Participant: 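This is the structure I want to talk about, given as structure tokens.
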Amino acid sequence: MSWGTELWDQFDNLEKHTQWGIEFVEKYTKFVKERSEIETNYAKQIRNLSKKYQPKKNSKEEEESKYTFCRAFLTTLNELNDYAGQHEVISENLTSLIITELARYLQELKTERKSHFHDGRKAQQHIESSWKQLEASKKRFERECKEAERAQQYFEKMDADINVTKADVEKARQQAQMRHQMASDSKSEYAAYLEKFNKEQNEHYYTIIPNIFQKLQDMEEKRIERISVCMKTFADVDRQVLPIVGKCLDGMTNAAESIEPKADSKQVVESFKSGFEPPGDVEFEDYGQAMKRTVSETSLSNTKESKEKPGVKAKSKLWPFIKNKNKLSLKLGSVPEDFSHLPPEQRRKKLQGKIDELSKDIQKEMDQRDALTKMKDVYIKNPQMGDPASVDPRLTEIGQNIEKLQSEVQKFEGWLAEVEERMPSKSDSHRKSGLYETQNSTTVSNNCAQDRESPDGSYTEEQNSEVQVKAQPIPTPTTTTEFDDEFDDEEVLPTIGTCKALYPFEGHNEGTISVAEGELLYVIEEDKGDGWTRVRRNEDEEGYVPTSYVEVFLETNAKDS
């Protein structure tokens with residue numbers, strides 16, 4: 001059914017209905033906007049909640065991270081943060097796909113509606129103006145007819161009167177004829193206006209108004225269809241994030257399932273195990289005999305205090321429950337360097353971890369020293385590549401760092417040996433020192449901890465033996481001319497692998513290329529024995545870097561060839 005044929009006389013009602021449709025679109029847009037704001041605020045609150053319970057950067061939180069339930073809770077917080085991100089995605093999609101589009105569509109809809117009703121009013125005004133012209137010509141025709149009839153009657157009256165002169169009769173006759181002619185002209189004009197109005201009225205109600213109302217109907221149907229699409233999009237925006245939300249929830253479930261009570265119980269043992277043996281039986285002390293009271297080796301009496309104060313009865317306590325004398329100092333943040341505030345087992349773990357950490361630092365310094373030594377040798381062989389003396393300050397600094405680190409290792413190993421000697425079980429063979437596991441040929445001489453122990457059991461440090469750094473000469477496979485020719489060659493070498501920079505390299509000299517630590521590059525030529533590897537960053541940047549500064553990953557076909 002068409003509005004043009006069925007609602008031809010409902011112009012005002014259609015105007016009100018289409019205005020209500022626009023207001024409905026505005027109301028729906030406001031609804032979606034408020035929903036988007038809710039999603040944004042909800043996501044913000046969820047993120048703040050996740051951030052609030054994230055572990056802080058302190059030793060207590062690091063200790064707690066050893067337990068599976070703490071790690072599971074951390075995973076849950078991270079998944080919750082991702083979950084909040086999906087609600088932000090919902091808000092963003094609602095804004096971009098619905099709110100922004102409807103705001104633009106509303107402007108177009110208002111403009112189109114205004115144009116259609118402007119055309120309708122214009123057509124209505126035209127037909128009303130035509131009707132007024134018809135009415136005016138009709139009234140004029142009616143008035144002229146009456147005037148002609150009165151003129152005719154006056155002429156007949158004058159013609160019948162014998163007292164009237166012929167001149168007056170003739171004048172009356174002419175007046176009557178003139179009025180008849182005017183009436184005839186008005187009749188013709190009225191007939192023309194009537195025909196014109198009927199034609200325009202027919203065109204108005206059967207052509208112009210139906211076309212305008214049809215356009216309004218199409219506009220209204222498009223508006224309803226657009227609302228339908230937006231409502232579907234409103235649901236699809238939520239549906240699109242459901243898989244990712246499901247993955248977040250699955251991550252929380254997996255985190256919960258990863259909790260292992262037995263492992264956490266074992267971790268409690270590892271964290272708080274002191275290494276002491278339980279106290280032995282207390283021997284019977286016979287006060288009835290007149291003899292010196294003896295104390296067993298396993299007795300927990302304070303024999304030293306008894307000897308110093310013979311007149312005071314020594315109180316014996318079970319020492320596992322004695323408060324730590326260093327507790328106050330720990331509260332103040334001054335942890336002893338030798339971890340003497342910890343029980344033997346925990347102290348041993350801390351010392352071993354410190355030794356391993358120092359060993360890694362020593363290995364890193366040694367690697368840098370070897371790389372600089374090779375570079376210095378290459379500079380000696382090829383002076384045009386750089387000044388050998390420029391490497392000496394860095395080598396000296398590295399040597400001093402190695403000596404300092406080795407001194408630290410010796411100190412901690414001495415404390416470790418002291419702890420292991422005092423442990424109830426002296427069969428602990430798990431002590432490791434990464435210093436002796438280095439791949440470098442340079443050895444570090446460490447004295448045994450027992451040799452550094454004084455007769456009274458106290459530890460005395462000895463000076464660390466000085467490390468000798470001997471730079472081995474590195475043969476140069478290519479001459480200066482060959483080196484320059486390689487860079488003058490415009491042929492693009494194929495990539496044979498990749499490499500990762502272990503240390504930063506400035507590359508100020510000709511033929512070299514600067515790299516940053518951790519940077520990935522392409523290998524185009526292997527080390528030929530001169531300590532240099534040719535790499536490429538992109539099509540325009542390539543050059544040599546020290547082989548010891550990078551970790552090379554050659555492709556399989558390159559290795560076979």
Side-chain angles (χ1 to χ4, degrees), residues 354-413 433-447 461-480 483 499-519 521 523 525-535 543-552:
K354 190 69 176 179
I355 291 173
D356 294 341
E357 181 181 346
L358 291 172
S359 300
K360 292 180 181 178
D361 293 340
I362 290 176
Q363 181 61 45
K364 187 175 181 180
E365 294 289 338
M366 286 183 173
D367 291 341
Q368 292 190 36
R369 182 190 62 190
D370 294 342
L372 288 173
T373 302
K374 291 182 179 180
M375 185 188 302
K376 180 178 180 180
D377 189 71
V378 171
Y379 287 169
I380 293 174
K381 299 289 184 180
N382 302 280
Q384 75 280 0
M385 295 185 63
D387 184 12
S390 62
V391 185
D392 292 337
R394 180 58 180 162
L395 281 174
T396 304
E397 181 183 354
I398 292 176
Q400 293 174 354
N401 292 341
I402 292 177
E403 291 180 5
K404 183 179 179 181
L405 291 171
Q406 288 172 346
S407 176
E408 290 289 320
V409 169
Q410 286 184 352
K411 181 170 63 175
F412 281 98
E413 284 187 341
S433 176
L435 183 61
Y436 300 100
E437 298 175 1
T438 59
Q439 299 177 359
N440 193 280
S441 59
T442 306
T443 60
V444 181
S445 61
N446 293 317
N447 295 329
E461 295 187 16
E462 293 182 358
Q463 296 296 328
N464 182 29
S465 57
E466 185 176 356
V467 179
Q468 301 292 335
V469 180
K470 296 181 179 180
Q472 301 295 332
I474 302 175
T476 304
T478 58
T479 63
T480 306
F483 188 88
C499 66
K500 179 181 180 182
L502 301 176
Y503 315 103
F505 176 66
E506 298 295 336
H508 293 306
N509 302 306
E510 182 180 0
T512 61
I513 184 174
S514 61
V515 295
E517 183 176 353
E519 184 178 2
L521 302 166
V523 178
E525 185 177 333
E526 284 187 79
D527 186 356
K528 296 182 179 179
D530 57 352
W532 293 87
T533 300
R534 191 173 181 181
V535 299
Y544 284 87
V545 295
T547 305
S548 57
Y549 272 50
V550 295
E551 183 178 3
V552 180

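Treat the numbers as computed from the prediction; the structure is a model and nothing was measured.
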Participant: Suppose we screen for ring pair (Phe, Tyr, Trp, His ring centres under 6.0 Å). Which residues come up paired with Y503, at least two apart in sequence or across chains?
Facilitator: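 Per chain and number, Y503 pairs via ring pair (Phe, Tyr, Trp, His ring centres under 6.0 Å) with Y549.
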
Participant: Once you round to the nearest 0.5 Å, how far does CE of M366 lie from OG1 of T373?
Facilitator: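 Answer rounded to 0.5 Å: 11.5 Å.
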
Participant: First locate atom CD of Q410, then atom CD1 of I355, and finally report the distance between them rounded to the nearest 0.5 Å.
Facilitator: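 Taking CD in Q410 and CD1 in I355, the distance rounds to 11.0 Å.
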
Participant: Please walk me through it: do V545 and T512 pass side-chain contact (heavy atoms from CB on, under 4.5 Å)?
Facilitator: CA-CA 6 Å; V545 295; T512 61; over 6 Å; no

Participant: For S548, enumerate each residue passing the side-chain hydrogen bond (donor to acceptor under 3.5 Å, both in side chains) test, keeping only those at least two apart in sequence or located in another chain.
Facilitator: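 side-chain hydrogen bond (donor to acceptor under 3.5 Å, both in side chains) list for S548, sorted by chain: empty.
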
Participant: Between the side chain of T547 and the main-chain N/O of G531, is any donor-acceptor distance below 3.5 Å?
Facilitator: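 Pair found, side chain donor or acceptor close to backbone of G531.
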
Participant: For Q368, enumerate each residue passing the side-chain hydrogen bond (donor to acceptor under 3.5 Å, both in side chains) test, keeping only those at least two apart in sequence or located in another chain.
Facilitator: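 Per chain and number, Q368 pairs via side-chain hydrogen bond (donor to acceptor under 3.5 Å, both in side chains) with R394.
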
Participant: Is the backbone of E403 close enough, under 3.5 Å, to the side chain of S407 for a donor and an acceptor to pair up by distance?
Facilitator: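 No, because the side chain of S407 does not come within donor-acceptor range (under 3.5 Å) of the backbone of E403.
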
Participant: Distance from E408 atom CD to S359 atom OG, nearest 0.5 Å?
Facilitator: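 Here the interatomic distance stands at 12.0 Å.
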
Participant: Do R369 and L395 touch side chain to side chain, with heavy atoms closer than 4.5 Å?
Facilitator: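 Yes, side chains in contact.
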
Participant: Rounded to the nearest 0.5 Å, what's the gap from CG on N401 to CD on E365? Could you check?
Facilitator: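 Answer rounded to 0.5 Å: 4.5 Å.
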
Participant: Provide the closest heavy-atom pair for K376 versus P388 in the form atom of the first, atom of the second, distance.
Facilitator: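 Scanning both residues, the minimum pair turns out to be CG-O, 4.0 Å.
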
Participant: Could you point out which residue of V550, V535, V552 forms a side-chain contact (heavy atoms from CB on, under 4.5 Å) with L521?
Facilitator: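 That would be V535; it is the only one of V550, V535, V552 passing the side-chain contact (heavy atoms from CB on, under 4.5 Å) with L521.
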
Participant: Could you tell me whether the side chain of F505 reaches within less than 4.5 Å of the side chain of E517, counting heavy atoms only?
Facilitator: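 No - every pair of side-chain heavy atoms lies 4.5 Å or more apart.
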
Participant: For E551, give me all partners under side-chain hydrogen bond (donor to acceptor under 3.5 Å, both in side chains), at least two apart in sequence or on another chain.
Facilitator: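 Residues passing side-chain hydrogen bond (donor to acceptor under 3.5 Å, both in side chains) with E551: none at all.
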
Participant: Evaluate the side-chain proximity of I513 to Y544: yes if any heavy-atom separation is below 4.5 Å, no if none is.
Facilitator: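 With C-beta onward as the side chain, the pair stays apart.
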
Participant: Measuring from K354:NZ to K411:NZ, what's the distance to the nearest 0.5 Å?
Facilitator: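 Output value for this atom pair is 9.0 Å.
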
Participant: Can you tell me how far NZ of K528 sits from CZ of R534, rounded to the nearest 0.5 angstrom?
Facilitator: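 So the CZ of R534 and the NZ of K528 are separated by 8.5 Å.
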
Participant: List in chain and number order the residues that pass side chain to side chain contact (heavy atoms under 4.5 Å, CB included) with A389, two or more places apart in sequence or in another chain; answer none if no residue qualifies.
Facilitator: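 By the side chain to side chain contact (heavy atoms under 4.5 Å, CB included) rule, A389 matches D387, D392.
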
Participant: With a 4.5 Å cut-off on side-chain heavy atoms, are T533 and E526 touching?
Facilitator: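 Sidechains of T533 and E526: no contact.
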
Participant: Who are the side-chain hydrogen bond (donor to acceptor under 3.5 Å, both in side chains) partners of E357, not counting sequence neighbours?
Facilitator: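 With sequence neighbours excluded, E357 shows a side-chain hydrogen bond (donor to acceptor under 3.5 Å, both in side chains) to no residue whatsoever.
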
